[in-house]
Novice: 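Mind looking over this structure? Questions follow.
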Amino acid sequence: MSAKYNPKKIEEKWQEKWYNSGAFKAKNGSKKKKFYLLVEFPYPSGDGLHVGHCRSYTALDVVARKRRMQGYNVLYPMGWDAFGLPTENYAIKKGVHPSIVTKKNTDNFRRQMKSLGWSFDWSREINTTDPKYYKWTQWIFIQLFKNGLAYKDKIAINWCSSCKIGLANEEVIDGKCERCGTKVEKREKEQWMIKITNYADRLIKDLDQVDYLEKIKTQQKDWIGESHGALLRFKVEGIEETLDVFTTRIDTIFSGTFLILAPGHAFIDKYKNKIENIDEVLKYREEVKNSSDIDRTNQDKDITGVQLKGITVRNPATNEEMPVWTADFVLEQYGTGAVFADAHDKRDFKMAKKYSIPLRTSIKPDDEALAQKVKNSEECFEGEGTLYNSMQFDGLKSIEARPQIILWLASKGFAQPKVSYKLRDWVFSRQHYWGEPIPMIYCKKCALMGGSPQAGWRPVEEKDLPVKLPNVKKYVPTDTGESPLSAIKKWVEIKCPECGGLAQRETDTMPNWAGSNWYYLRYTDPKNGKKLADESIVKYWMPVDWYNGGMEHTTLHLLYSRFIFKFLWDIKAVPATVGAEPYKKRTSHGMVLGEGGIKMSKSKGNVINPDTIVKQYGADTLRLYEMFMGPFEQMIPWDTKGVVGCRRFIEKVYNLATNKITAEKTDEGLKKILHKTIKKISEDIELMKFNTSVSSMMEFINAWQVSEKGLDKKDSSYFLIILSPFAPHLAEELWETAELKGMCSQQKWPKFDEKLIEEKNILLIVQINGKVRDKIEAKSGISQKEAEKLVMASDKIKAFLGEAEVKKIIFVPNKLINIVI
RNA sequence: GCCCGAGUGGUGGAAUGGUAUACACGAAGGACUUAAAAUCCUUUGAUCGAAAGGUCAUGCGGGUUCGAAUCCCGCCUCGGGCACCA
């Protein structure tokens, strides 16, 4: 009897061997085919690694290990996305500098990661808070500025009064702060903005080039929100002025009876003296401003609005005079901040009814009963139909009418085709200490010289990068919405790089998405001091072949980083040959929930710490369980009892491999199952069907256990190799025990024997009217005639058939025969 | 409201047009043990039956097919995303 399975001893031993020998080092420019695998680098929180990280990291580790054995030069790197609020908050609470907290947390994460045996290339570890790293994050910002994609603007931002920070739209969930759940307020602030909207079309179009899960593509497309329509021009009566409106339903223009402006529309400011009831209008605007987005977009709420008295416009199609209103459901940020209103829009319809604004209909639905109600303006019809009341377009279908009406109005100078997006520019300023300083300088003197809003803003010169975070005692955020950096006069005051006069540094810092925008590039050349990464090395490694991460980043990190990559590609910081997409393939893992299916959280006390599982069961068990627990993309509740099953499997393997290896040849039957298992696992890993990979191994060892002689040395080595991506420590240990050459992790991935898998005999399923009535053993490749003969000879079948007439016989080769009576 | 995804034993799940319930957990019984744990063996969808065996079952209702968990239509429930987007 051999020694008892001792995971702690085995795992520490092999981790040491792997990491000390550089077994997982990726080689730049190797002649081997490259394979770049990426998992989202974690935010190193004080809580340590989450079992959710383990799911994603183990899955791609399985792929990485397999690829290496298939002869690829694999890059599987890891680093730390370490800027961010929780660290800052913790640092404030404990009175320690965030960099010290970060160091402590990353050390802990690294220890935990190594204890799981993931095959990361630790020589390429990066940290977004390292000045050598964020030098290039700042450099990218400067390039954005130089290319007109970064600008400062006074906008109403989402303000979290608890975190004391401005939030991007993506960080606001249900009108609440994503992190702390506090209701988000509106605040006017000067903010750095990034023109991601310039890339909206490409961010959608280029999705065709990549292999992302369909739901990821859909979600990004929906978020960007492309809609095709027309820009319509309305002449304002009595003034030399026009109002532009974006519409996707130009086919309804003949029913347009009024125009609605967003309360913040610039027209109102420009023509204050022309609006007879300007006080009322401005009062309405104030009310709207003070209500939060969530109130404003509450659809159950009654529709409100105010007419701009004294202002009318002409409908470009009917030439009729239309009143102009303002209402809060019209948004400043979308389209042109103005809509033409008609009977074929529910909100417009509701508003017209409420304020007795005349309505006219021009679209006839197919349903006749409904058509009558619509015609009488008793019901609002929003769908597509047939046009009437529409002059020469009468009788056309909506879809046919739209291009024709655009052409017609365009010829009169009133319309042009237009694409509109929901995506908004990216608010890039944060009023916090623990982030990358925005490398900009404001010079009042220079500002007076130039007329543009950006006048006076100068980027820090490249030779002066990085702009390091000053080491300060106080980094508590302020209530005034100013960054804590603004209190450090010595740091803020600086010479203007343009005129040499006294200027001031930007005191806002970047959002925590800044560092992760380009980290996949840095991994290729992590120590480069001259560039963000050397072009030839980038050319070798990029694009990332397979990127796995959480669905929650689909409209955040994933979108941002695609945008930034495109930008870097455009300015040729990335070689043209790489292409304009950073990630070839993107997949997503389901969340690991707490036991009982609720989200793991500290407050619920249901958090599973990987350390505990490793200590109690071993890393291989944890890895195996995370792969076995269920389909990879699916959300799944943690079940510690399920872990036990995986540990049992590992012990069985351990015992079998130490006791049941035969000096003779492997049993025929077992050999066949082995090759089937090799096939199954080779295919399943590629399809991310890790759960069935594991179950097929379980089936195999169950067969091994009941086999007469067991496996011979060669065959057992094959099994150890296919086991090794999942349970690498165990495989390595058993490899050594069996006195096989080299390390298991450096072997060649086995090929299965096609011939061996072929079945000589099959179990022919015999159905009568689609119901299974018998199972007959038959030779593989049996013909229909032979099969029929065989079936008719069966007593069972005879009994079922009786006197009935056989109408038809369906034969599926090597599978089934169905007799229809 | 709109757009995705999912619904299968006591539980996690397998099977994507051809043997439904693989694999694992749990449970019950047994072996070993003074005992327990561990391990091993047996049973384990429901139902009728002494058994052989039958019948029913993949959220619900219909359809296509020799044959449907799988494809189509309608509905219900749950999860996710978007949401006065003109």
Side-chain angles (χ1 to χ4, degrees), chain A residues 4 173-174 213-223 225-227 229-230 232 245-250 252 260 262 293 296-301 303 327-331 333-342 344-348 350-351 382 420-424 551-552 554-555 590-591 597 624-625 628-631 633-646 648-649 651-652 655 689 691-702 705 763-775 796 807-821:
Chain A
K4 211 172 165 290
I173 309 291
D174 284 336
L213 286 183
E214 223 27 67
K215 63 175 171 182
I216 297 176
K217 287 192 183 182
T218 314
Q219 227 180 87
Q220 286 210 343
K221 278 182 196 159
D222 287 353
W223 181 261
E226 185 176 75
S227 39
L232 262 176
V245 160
F246 173 73
T247 180
T248 53
R249 289 299 303 275
I250 202 165
T252 65
I260 312 172
D293 260 6
R296 192 169 164 184
T297 55
N298 179 358
Q299 280 166 47
D300 302 329
K301 171 194 84 126
I303 275 182
D328 64 356
F329 70 80
V330 178
L331 306 171
Q333 313 91 323
Y334 185 74
T336 62
V339 297
F340 79 82
D342 60 72
H344 296 292
D345 178 283
K346 270 191 189 133
R347 298 152 301 170
D348 301 349
K350 226 163 133 184
M351 180 155 169
E382 289 188 305
S420 203
Y421 298 93
K422 287 186 204 170
L423 186 71
R424 297 181 204 162
M551 269 321 273
E552 70 275 18
T554 302
T555 56
M591 243 203 288
L624 208 75
Y625 172 67
F628 182 62
M629 65 198 307
E633 295 112 290
Q634 202 175 297
M635 236 191 233
I636 243 138
W638 180 268
D639 179 16
T640 301
K641 281 184 188 140
V643 179
V644 175
C646 291
R648 278 183 201 145
F649 165 78
E651 287 197 31
K652 276 187 201 170
N655 290 331
K689 290 167 82 172
N691 53 335
T692 49
S693 296
V694 176
S695 70
S696 72
M697 283 192 279
M698 287 172 168
E699 281 176 87
F700 174 73
I701 65 137
N702 287 343
Q705 204 159 28
L763 202 60
L764 188 72
I765 305 304
V766 186
Q767 296 184 332
I768 293 173
N769 286 351
K771 277 195 178 160
V772 180
R773 292 304 181 191
D774 202 3
K775 297 164 192 181
K796 254 191 203 170
K807 278 190 186 155
K808 201 172 170 187
I809 294 178
I810 314 278
F811 179 69
V812 183
N814 284 340
K815 258 191 185 147
L816 161 151
I817 187 158
N818 188 12
I819 303 163
V820 186
I821 53 173

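Proteins come first, then strands; the chains are lettered A, B, ... in the order of their sequence lines, and each starts at number 1.
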Novice: Hey, does the side chain of A:Gln767 reach the backbone of A:Leu816 with a donor-acceptor pair shorter than 3.5 angstrom?
Specialist: no
Novice: Does the side chain of A:Ser227 reach to within under 4.5 Å of the side chain of A:Phe246, using non-hydrogen atoms?
Specialist: yes
Novice: Provide the distance between the two P atoms, one in B:rG7 and one in B:rA69, to the nearest whole Å.
Specialist: 14 Å
Novice: What's A:Lys807 touching, base or sugar-phosphate or nothing? Going by heavy atoms closer than 4.0 Å.
Specialist: nothing
Novice: Please identify which of these residues, A:Glu633, A:Met591, A:Met635, A:Lys215, meets the side-chain contact (heavy atoms from CB on, under 4.5 Å) condition with A:Met551.
Specialist: A:Lys215
Novice: Can you tell me the distance, in whole Å, between the CD atom of A:Glu226 and the P atom of B:rC85?
Specialist: 18 Å
Novice: Applying the Watson-Crick and G-U wobble criteria at under 3.5 Å, what pairs with B:rA22? Answer none if nothing qualifies.
Specialist: none
Novice: Can you tell which of B:rA86, B:rG81, B:rU55 lies closest to the side chain of A:Arg773?
Specialist: B:rU55
Novice: Determine the interatomic distance between P on B:rG5 and the same-named atom on B:rU11; round to the nearest Å.
Specialist: 26 Å
Novice: Rounded to the nearest Å, what distance is computed from the CG atom of residue A:Asp222 to the P atom of nucleotide B:rC4?
Specialist: 9 Å
Novice: Rounded off to whole Å, could you give me the CD-to-P distance for the A:Gln219 and B:rC3 pair?
Specialist: 15 Å
Novice: Where does B:rG9 land, syn or anti, given syn is within 90° of 0?
Specialist: syn
Novice: I'd like a list of close polar pairs between nucleotides 5-13 of chain B and the protein, N/O only, cut-off under 3.5 Å.
Specialist:
{"unit_1": "B:rG12", "atom_1": "O2'", "unit_2": "A:Met629", "atom_2": "O", "d": "2.7"}
{"unit_1": "B:rG13", "atom_1": "OP1", "unit_2": "A:Gln634", "atom_2": "NE2", "d": "2.5"}

Novice: Whole Å only: how far is the CD atom of A:Glu382 from the C1' atom of B:rC85?
Specialist: 13 Å
Novice: Measure the distance from CG on A:Asn655 to P on B:rA38 and round it to the nearest whole Å.
Specialist: 16 Å
Novice: Please state how far atom CH2 in A:Trp223 lies from atom P in B:rC4, giving the value in whole angstrom units.
Specialist: 19 Å
Novice: Under 4.0 Å: is that the gap between some side-chain N or O of A:Arg424 and OP1 or OP2 of B:rC85?
Specialist: no
Novice: Could you work out the separation of B:rG45 and B:rU8 based on their C1' atoms and round it to a whole Å?
Specialist: 10 Å
Novice: Could you please spell out the steps behind the ring-ring contact (aromatic ring centres under 6.0 Å, His included) verdict for A:Trp223 and A:Tyr421?
Specialist: CA-CA 9 Å; A:Trp223 181 261; A:Tyr421 298 93; over 10 Å; no
Novice: Assuming nearest nucleotide by heavy-atom distance, tell me which of A:Thr692 and A:Leu816 is located more 5' along RNA chain B.
Specialist: A:Thr692
Novice: Which is more 5' along RNA chain B, the nucleotide nearest A:Asn818 or the one nearest A:Gln767? Just name the residue.
Specialist: A:Gln767
Novice: Looking only at side-chain N and O atoms, does A:Ser227 come under 4.0 Å of OP1 or OP2 in B:rA86?
Specialist: yes
Novice: If the C1' atom of B:rU55 is compared with that of B:rG62, how far apart are they to the nearest Å?
Specialist: 23 Å
Novice: Please test A:Lys346 against A:Glu382 for salt bridge (charged side-chain N to carboxylate O under 4.0 Å, His left out), starting from the C-alpha separation and ending with a verdict.
Specialist: CA-CA 7 Å; A:Lys346 270 191 189 133; A:Glu382 289 188 305; 3.8 Å; yes
Novice: Is the distance from OP1 or OP2 of B:rA15 to the nearest side-chain N or O of A:Lys689 less than 4.0 Å?
Specialist: yes
Novice: Are OP1 or OP2 of B:rC66 and a side-chain N or O of A:Lys808 less than 4.0 angstrom apart?
Specialist: yes
Novice: Tell me what A:Thr336 touches on the nucleic acid: a base, only sugar-phosphate, or nothing, going by heavy atoms under 4.0 Å.
Specialist: nothing
Novice: Is the backbone of A:Ile821 close enough, under 3.5 Å, to the side chain of A:Asn769 for a donor and an acceptor to pair up by distance?
Specialist: yes
Novice: Send over the distance from A:Ile765 CD1 to B:rU19 C1', rounded to a whole Å.
Specialist: 4 Å
Novice: Distance check: side-chain N/O of A:Arg347 vs OP1/OP2 of B:rA83, anything under 4.0 Å?
Specialist: no
Novice: How long is the line joining CG of A:Asp328 and C1' of B:rC85, in whole Å?
Specialist: 14 Å
Novice: For A:Val330, does its backbone N or O pair with a side-chain atom of A:Arg347 as donor and acceptor, under 3.5 Å?
Specialist: no
Novice: Which is true for A:Lys422 with a 4.0 Å heavy-atom rule: it touches a base, it touches only sugar-phosphate, or it touches nothing?
Specialist: base
Novice: Compare side-chain N and O positions of A:Asn814 against OP1 and OP2 of B:rG18 and report whether any pair is under 4.0 Å apart.
Specialist: no
Novice: Using a cut-off of 4.0 Å on non-hydrogen atoms, how would the nucleic acid contact of A:Val339 be classed: base, sugar-phosphate, or nothing?
Specialist: base
Novice: So A:Asn702, base contact, sugar-phosphate only, or nothing? Heavy-atom distance under 4.0 Å.
Specialist: sugar-phosphate
Novice: Does a nitrogen or oxygen in the side chain of A:Lys796 sit under 4.0 Å from OP1 or OP2 of B:rG54?
Specialist: no
Novice: Across the strands shown, which category fits A:Val772 at heavy-atom distances under 4.0 angstrom: base, sugar-phosphate, nothing?
Specialist: sugar-phosphate
